[in-house]
Amino acid sequence: MGGRRCRPHPDRSRAAATIDLEHDSADTHQKITCPLLALWGEHGFVGNHYDPEALWRDKAIDVRGTALPAGHFITEEAPDETIQALLKFFTQEQL
């Protein structure tokens with residue numbers, strides 16, 4: 001293909017270090033009210049060092065989640081399991 005490439009805009013990269021922090025501080029006391037799905041790899045750092053569901057319960061009212069047989073890249077390492085978890089979540093079945 002030609003020499004054109006999609007490149008991130010520098011201002012968007014900096015947003016996380018500036019305005020995003022302000023937004024987070026402004027609503028830190030509010031909990032997410034819609035159902036929230038947390039997926040993580042059981043062999044990854046998060047799955048071995050944290051309880052993701054418990055962490056998200058501090059931020060949301062209705063947290064659902066599960067560990068998938070993967071490391072960090074769950075969609076690449078466990079695509080079928082990721083799809084099944086998403087389908088269950090969006091059809092409101094229990095994980």
Side-chain heavy atoms nearer than 4.5 Å, only ILVMFWY residues, links allowed to pass through others: does that put Trp40 and Phe89 together?
no
Looking at every heavy atom in both Ala60 and Leu36, which two are closest together, and how far apart are they?
CB-CD1, 4.0 Å
Pairwise distance OG1(Thr82) to CD(Glu76) - rounded to 0.5 angstrom:
8.5 Å
Measure from the side-chain N and O atoms of Glu77 to the backbone N and O of Phe73, and report whether any donor-acceptor pair falls under 3.5 Å.
yes
Evaluate Ile61 against Ile32 for side chain to side chain contact (heavy atoms under 4.5 Å, CB included), listing each step before the verdict.
CA-CA 6 Å; Ile61 294 169; Ile32 298 167; over 6 Å; no
For a quick test of reading the model, state the closest non-hydrogen atom pair linking Pro69 to Ala78 and the distance between them.
O-CB, 3.9 Å
Interatomic distance, Glu81 atom CD to Thr75 atom OG1 [nearest 0.5 angstrom]:
12.0 Å
Apply side chain to side chain contact (heavy atoms under 4.5 Å, CB included) to Lys59 and list each qualifying residue two or more places apart in sequence or on a separate chain.
Thr28, Trp56
Identify the two heavy atoms, one from Pro52 and one from Val46, that lie closest to each other, and give their separation to 0.1 Å.
CG-CG1, 3.6 Å
Starting at CG of Leu68, measure out to CD of Gln84 and round the result to the nearest 0.5 Å.
11.0 Å
Between Glu42 and Ala67, what is the shortest heavy-atom contact and its length?
CB-CB, 3.7 Å
Looking at Ala85 and Leu39, what are the two nearest heavy atoms and their distance?
CB-CD2, 3.8 Å
Non-neighbouring partners of His29 that pass ring pair (Phe, Tyr, Trp, His ring centres under 6.0 Å), sequence neighbours left out:
none
Looking at residues at least two apart in the chain, or sitting in another chain, which of them share a side chain to side chain donor-acceptor pair (under 3.5 Å) with Asp62?
Arg64
